Participant: 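This is the structure I want to talk about, given as structure tokens.
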Amino acid sequence: MNLTESAEDRAFREEVRTWLAEHLSGEWAALRGLGGPGREHEAHEERLAWNRHLAEHGWTAVGWPEEYGGRGLSLWQQVIFHEEYARADAPAGVNHLGEQLLGPTLIAFGTEEQRQRFLPEIVAVRELWAQGYSEPNAGSDLANVQTRARLDEATGEWVIDGQKVWTSLAHLSDWCFVVARTEPGSTRHQGLSFLLVPLRQDGVEVRPIEQLTSGSEFNEVFFTGARTAGDLVVGEPGNGWGVAMGLLGFERGVSTLGQTVGFARELETVVARARQNGSIDEPVIRDRLARLKTELSVIRSFALRSLALVEGGQDSAAGNGAGSIFKLAWANWHRTLGEVAMDVAGAEGLLARPTGGYDLDDHQRLFLFSRADTIYGGSDEVQKNILAERVLGLPREPKGS
């Protein structure tokens, strides 16, 4: 594996860095660092305008094929873009689920009509998307989905009834991709379909869930006779499990390298606070900070190796558990960072800022939100089962009655 950048890649990195430096100024300068996990409530309309500004200059969906509005960048150039975007402290995107998950899924599994209808709107950031997977009794055990959909023969529409939960940004989204059971009597992975459902209709109720961090990026979504067109099923009806799993394969793609850059910046702020308050001189704190820096370097190297296997066309990269290993590594690393941040803050970390109300500083918010890192996106327990059963070939975990 050769990670040495070519002259072309270096020139591209400089292009991205220069463009961001020039454009993250003036009216956009105040958006630096805003948004992201636990902070999605920050300046949403302004970040939406910024994302549309990116789209106007060709900086959305950069890895998509040019025929669908992307730039057709190589895997390594996509990594470069996400790394430089993170290094510039540019505001978090508002349509990650549409651009990074649904778009590639439609390119891989959708009809040409679906691609022509939805992909241009995602590229231009005119339609925002939410993910309708988890339910009250089907979170990590996604195959237990109970939301149902039936085809209305009179209208040719799908009629959806059920509930989704932990639906990120549903209150700000126009559409939701929904895994629903469309074959009566089916169980587990069988009889599921992958539907594209408009959220702005009478049959949909979105209820925000307030978090410890005071934001409400998660939601409950209730479908009561909600409708969507009959041709807005991705893949064949009843075969939605394969599409749903295909989408999850895109979840831990090249943008994860940008994520590690953001983690490094967070670590730097904790180190700076330790220097400021003198806790850097405590041997235990110093050792934990050094360990975090070393571990993050290892996590980044592992992610690069996994992407190199994909770029090299080695299918085993998808089946060797790399995604599960990476999720386990970064989620536990980030949670530990939050704990160390609170230890560095000391007694100061126990109090909200004196500006009134429940006003958390960045390290308090980091600590509280990172408690969820090992749960969302596939809990630690699920990732370990995947590695044990699918990679190591160990016996399946016994299921309850």
Side-chain angles (χ1 to χ4, degrees), residues 36-38 96-97 100-101 131 133-145 164-168 179 188-189 209 211-213 217-218 241 244-253 255-260 262-264 266-267 270 288 291-307 317-343 363 365-400:
H96 171 81
L97 294 171
Q100 300 294 332
L101 301 188
Q131 180 177 17
Y133 274 29
S134 294
E135 298 182 6
N137 292 307
S140 296
D141 184 16
L142 182 60
N144 197 40
V145 162
K164 297 294 179 178
V165 73
W166 314 124
T167 313
S168 299
V179 177
R188 305 300 297 162
H189 312 84
I209 301 171
Q211 299 167 204
L212 282 172
T213 51
E217 71 177 84
F218 292 143
W241 183 258
M245 293 301 99
L247 180 141
L248 292 180
F250 298 117
E251 187 173 23
R252 300 178 187 119
S255 62
T256 56
L257 271 298
Q259 183 183 37
T260 62
F263 288 166
E266 287 181 322
L267 175 57
V270 176
R288 294 174 76 190
R291 180 181 292 273
L292 283 167
K293 186 175 180 64
T294 302
E295 289 175 348
L296 184 59
S297 178
V298 172
I299 290 170
R300 182 179 184 275
S301 296
F302 178 81
L304 286 171
R305 177 180 179 276
S306 300
L307 288 173
N320 64 9
S324 293
I325 294 171
F326 184 70
K327 174 59 168 59
L328 282 167
W330 76 253
N332 284 274
W333 182 93
H334 200 225
R335 188 176 65 176
T336 301
L337 176 64
E339 294 168 351
V340 173
M342 286 296 92
D343 289 341
H363 292 157
R365 187 176 289 108
L366 164 65
F367 169 73
L368 291 173
F369 192 85
S370 63
R371 310 308 294 171
D373 285 344
T374 56
I375 301 172
Y376 71 77
S379 68
D380 275 12
E381 292 77 11
V382 168
Q383 303 305 332
K384 290 175 181 177
N385 278 354
I386 290 173
L387 292 170
E389 297 170 7
R390 303 181 191 176
V391 180
L392 300 178
L394 298 178
R396 295 184 64 83
E397 182 181 38
K399 303 295 182 182

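Because the structure is predicted, anything quoted here is derived from the model rather than measured.
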Participant: Just grab all the salt bridge (charged side-chain N to carboxylate O under 4.0 Å, His left out) pairs involving residues 366-380, residues at least two apart or on different chains.
Facilitator: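 Output for this query lists Glu339-Arg371.
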Participant: Atom CD1 in Ile386, atom CD in Gln383: separation rounded to 0.5 Å?
Facilitator: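 Rounded to the nearest 0.5 Å, the CD1-CD separation comes out at 4.5 Å.
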Participant: State yes or no: are the ring centers of Phe263 and Trp333 separated by less than 6.0 Å?
Facilitator: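 They qualify: ring centres under 6.0 Å apart.
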Participant: Looking at CG of Leu292 and OG of Ser297, how far apart are the two atoms once the value is rounded to the nearest 0.5 Å?
Facilitator: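 Interatomic distance, Leu292 CG to Ser297 OG, rounded to 0.5 Å: 12.5 Å.
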Participant: What's the separation between atom CD in Gln259 and atom CZ in Phe326, rounded to the nearest 0.5 Å?
Facilitator: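 If we round to the nearest 0.5 Å, Gln259:CD and Phe326:CZ are 5.5 Å apart.
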Participant: Can you give me the closest heavy-atom contact between Pro136 and Val165, atom names plus distance?
Facilitator: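 So the two residues come closest at N-CG1, 3.8 Å.
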Participant: Hey, what do you get for CG (Leu337) to CZ (Arg288), rounding to the nearest 0.5 Å?
Facilitator: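 Answer rounded to 0.5 Å: 10.0 Å.
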Participant: I need the Leu368 CG to Ser370 OG distance, nearest 0.5 Å.
Facilitator: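 One gets 8.0 Å once the value is rounded to the nearest 0.5 Å.
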Participant: Looking only at heavy atoms, which two atoms of Phe367 and Gly338 are closest? And how far apart?
Facilitator: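 Between these two residues, the closest heavy atoms are CD1-O, 3.5 Å.
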Participant: Provide the closest heavy-atom pair for Leu366 versus Ala341 in the form atom of the first, atom of the second, distance.
Facilitator: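 Heavy-atom minimum between the residues: CD2-CB, 4.2 Å.
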Participant: Does Leu267 reach the side chain of Val340, with side-chain heavy atoms less than 4.5 Å apart?
Facilitator: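 Answer no - side chains too far apart.
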Participant: Is the closest side-chain heavy-atom distance between Trp330 and Thr260 below 4.5 Å?
Facilitator: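 When only atoms from C-beta onward are counted, Thr260 and Trp330 do not touch, as no gap falls below 4.5 Å.
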Participant: Please check this pair: side chain of Lys164 against backbone of Gln131, looking for a donor-acceptor N/O pair closer than 3.5 Å.
Facilitator: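 Not at all, since once roles are kept as given, no pair shorter than 3.5 Å links the two residues.
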Participant: With heavy-atom distances below 4.5 Å as the criterion, would you say the side chains of Val179 and Trp241 are in contact?
Facilitator: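 Of all side-chain heavy-atom pairs linking Trp241 with Val179, none is under 4.5 Å.
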Participant: Say you draw a straight line from CZ of Arg365 to CG of Leu212; how long is it, rounded to the nearest 0.5 Å?
Facilitator: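 Result: 12.0 Å between the selected atoms.
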Participant: For Phe302 and Ile325, which heavy atoms make the closest approach, and how far apart are they?
Facilitator: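 That closest heavy-atom pairing would be CZ-CG2, 3.7 Å.
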